[in-house]
Amino acid sequence: QVQLVESGGGSVQAGGSLRPSCTASGRSFSTYAIGWFRQAPGKEREFVATSPWFGGTEFYADAVKGRFTISRDHARDTVYLQMTNLKPEDTGVYYCAATQRVGTPAKLHEYDYWGQGTQVTVSS
């Protein structure tokens with residue numbers, strides 16, 4: 001089993017940047033796809049980006065494509081979500097999740113382990 005801990009959220013103005021991170025403990029990330037999801041107040045949790053471990057490539061939701069980048073630091077068992085040109089609609093709690101599914105998992109039910117979330121607030 002893998003435990004996930006997010007950090008690096010915060011509050012920024014529109015146009016700013018943040019880089020939340022997701023660190024694993026218990027098991028190595030090397031055989032897990034890691035995804036980022038977010039949930040705005042009153043809305044359902046939605047997919048943001050995924051970093052596959054086998055048989056796929058990085059994949060992004062249309063709303064963040066070109067602004068967000070997901071990356072891995074294998075030595076630290078950490079996955080980052082570099083967020084640039086942030087918009088107020090990016091506000092929400094950001095969660096990372098892990099699954100051993102191959103390919104490019106992008107749906108909530110495809111993930112087995114979840115972190116506790118980190119708050120991102122973008123003001124206009």
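Computed from a predicted model, the values in this text were never measured in an experiment.
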(Q) Keeping T23 on the side-chain end and T78 on the backbone end, is there a donor-acceptor pair under 3.5 Å? (A) no
Q: Kindly give the heavy-atom pair with the smallest separation between G26 and Q3, and that separation in Å.
A: CA-OE1, 3.7 Å
Q | Shortest non-hydrogen contact between P52 and A33, atoms and distance | A | CA-CB, 4.0 Å
Q. Under a single-linkage definition using a 4.5 Å side-chain heavy-atom cutoff for Ile, Leu, Val, Met, Phe, Trp and Tyr, are V79 and V93 assigned to the same hydrophobic cluster?
A. no
Q: Enter the distance from F68:CZ to N85:CG here, rounded to the nearest 0.5 Å.
A: 9.0 Å
Q. Is the backbone of P105 close enough, under 3.5 Å, to the side chain of Y111 for a donor and an acceptor to pair up by distance?
A. yes
**Q.** P20 versus G9, closest heavy-atom pair with distance
**A.** CB-N, 4.4 Å
Q: Using modelled atom types only, decide if a donor and an acceptor are shared between the side chain of T50 and the backbone of A106 within a distance under 3.5 Å.
A: no
**Q.** Reported CE-to-CH2 distance for the pair M83 and W36, which is rounded to 0.5 angstrom
**A.** 8.0 Å
Q: Verify, without hydrogens or angle tests, whether Q116 (side chain) and E6 (backbone) share a donor-acceptor contact under 3.5 angstrom.
A: yes
Q) Just wondering, do T91 and R38 contact through their side chains at under 4.5 Å, heavy atoms? A) no
(Q) Within this structure, what is the CD-NZ distance for the pair E46 and K107, rounded to the nearest 0.5 Å? (A) 14.0 Å
Q | K43, NZ atom: more than 12 neighbouring heavy atoms under 6.0 Å | A | no
Q) How close do A49 and L81 get, heavy atom to heavy atom, and via which atoms? A) CB-CD1, 4.2 Å
**Q.** Polar side chain donor-acceptor pair, T84 to S17, under 3.5 angstrom
**A.** no
Q. Where do E110 and T99 come nearest, in terms of heavy atoms and distance?
A. O-OG1, 2.8 Å
Q: Determine whether the side chains of S7 and S21 contain a donor N or O and an acceptor N or O closer than 3.5 Å.
A: yes
Q | Smallest separation among heavy atoms of T104 and G56, with atom names | A | OG1-CA, 3.7 Å
Q. Between OG of S30 and CG of D77, what distance do you get to the nearest 0.5 Å?
A. 7.0 Å
(Q) Using the rule that Ile, Leu, Val, Met, Phe, Trp and Tyr join whenever any side-chain heavy atoms are under 4.5 Å apart, tell me whether F59 and I70 fall into a single cluster. (A) no
(Q) With a 4.5 Å cut-off on side-chain heavy atoms, are V102 and W53 touching? (A) yes
**Q.** Steps toward side chain to side chain contact (heavy atoms under 4.5 Å, CB included) verdict (L86, Q13)
**A.** CA-CA 8 Å; L86 282 161; Q13 291 191 326; over 6 Å; no
(Q) Are the side chains of F29 and L4 in contact, using a 4.5 Å heavy-atom criterion? (A) yes
Q. Hey, quick one: are Y94 and V12 part of the same hydrophobic cluster, counting side-chain heavy atoms closer than 4.5 Å, chains of contacts allowed?
A. yes
Q) Any sub-3.5 Å donor-acceptor pair from R45's side-chain atoms to L108's backbone N or O? A) no
Q.
Rounded to the nearest 0.5 Å, what separates atom CZ in R101 from atom NE2 in H109?
A. 6.5 Å
Q) Tell me, do T69 and Y80 make a side-chain contact under 4.5 Å, heavy atoms counted? A) no
Q) Would you call D90-K87 a salt bridge at under 4.0 Å N-O? A) no
Q) Taking C-beta and beyond as the side chain, do R72 and I34 meet within less than 4.5 Å on heavy atoms? A) yes
Q: Consider only side-chain heavy atoms of I, L, V, M, F, W and Y, link residues closer than 4.5 Å, and tell whether F47 and V64 are in one cluster.
A: no
Q: Indicate the ring-plane relationship of Y95 and W114, choosing parallel, tilted or perpendicular according to the 30° and 60° boundaries.
A: perpendicular
